[in-house]
Amino acid sequence: MQDHVIITARENRVGIITLNRPKVLNALNDEVMNALGAALTAFDADDSIGVIVIEGSSRAFAAGADIAVMANWSYSDVYSSNFITRNWETIRQVRKPVIASVAGLALGGGCELALSCDIIVAGRGAKFGLPEIKLGLLPGAGGTQRLPRAIGKAKAMDMCLSARMLDAEEADRYGLVSRVVDDASLREEALALAASVASFSASALMALKECVNRAFESPLAEGILFERRELHARFATPDAHEGMRAFMEKRRPVFEHR
Ligand code: DAK
């Protein structure tokens, strides 16, 4: 697997996907996005996996879409082949929690990939940016939509229009990332977080993820109703009863993940 553009591994209930084009700072081409989509889909369908972690190298999570490839494309190429939509959006279909473990650069499509994950753990040396404007382009994998929702219009406009990169501390302050940790312990901390989340009921995690995402897609009253119904539905699951019973019996729950 070492020559592949991604490397997959598993640690107990955690599926790990490592982007592996270090010579081009993990620039994202079709081969990477197809392989990433396939790995995400496979882990999502695997009952023995509870959480998925996506990571890059210590220098770059990903420096964006592959400019060398894009430079040759015409409008009709990208429109006809449905560029981005055809293979960048698989991550949105994943029902299990996905954690981005970001060291180094997360630029352009790399930043958008991280923003598509549910939790971003950043190393202190990480940098986030949407520099597409320098190429005469604009973010096209959800950046202009997810970034303002994450950090507000003022900061999003600044990042998109000026191409300014945020360091990890700024990204943390603005709410772009979930946690910042030392670079040296990033992998360990991201995997420990993933293992801890993966120990919870898989069905509860999926329902919870769906509820939080609904907050961005629906009016408040609809979102609250959706949440209420999802909570009601938990009472039909073995895991909710096991979780509450275990609490009453002062023991650790043994979830069936159903
Ligand atoms: N694509 C291809 N190759 C890249 C790359 C990229 N995004 N980023 C870096 N590389 C390659 C470099 O060309 C270099 O290759 P060699 O010259 O060694 O062969 C190698 O990686 C190492 O990079 P540098 O030598 O440049 O390393 P430095 O440390 O000096 O600089 C850097 C690192 C990240 C600041 C610099 O490489 C850089 O500015 N890279 C480009 C970053 C960028 O602009 N990213 C955004 C890409 S555009 C769309 C939807 C979405 C998008 C577009 C359209 N539609 C729906 C139409 C998304 C666009 C993007 O993501």
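Computed from a predicted structure; not experimentally measured. First listed ligand is number 1; within each ligand, the first listed atom is number 1.
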Worksheet item: Do Ser48 and Arg10 have side-chain atoms, one donor and one acceptor, less than 3.5 Å apart?
Response: yes
Worksheet entry | Any side-chain donor near an acceptor of the partner, Asn20 and Thr18, under 3.5 Å | no
Fill in: Short N-O contact, Asp118 and Lys209, less than 4.0 angstrom
yes
Discussion item. Considering only residues two or more places apart or on different chains, which pairs with a residue in residues 138-163 satisfy salt bridge (charged side-chain N to carboxylate O under 4.0 Å, His left out)?
Written reply: Asp158-Arg164
Discussion item. I'd like the residue list for ligand 1, meaning every protein residue with a non-hydrogen atom under 4.0 Å from the ligand.
Written reply: Lys23, Val24, Leu25, Ala27, Arg59, Ala63, Gly64, Ala65, Asp66, Ile67, Met70, Phe83, Ile84, Leu105, Leu107, Gly108, Gly109, Pro131, Glu132, Leu135, Gly140
Practice prompt. Look at the side chain of Glu55 and the backbone N and O of Ser101, then say whether any donor-acceptor pair between them is shorter than 3.5 Å.
Written response: no
Worksheet entry | Whether over 12 other heavy atoms sit under 6.0 Å from Asn12 CG | no
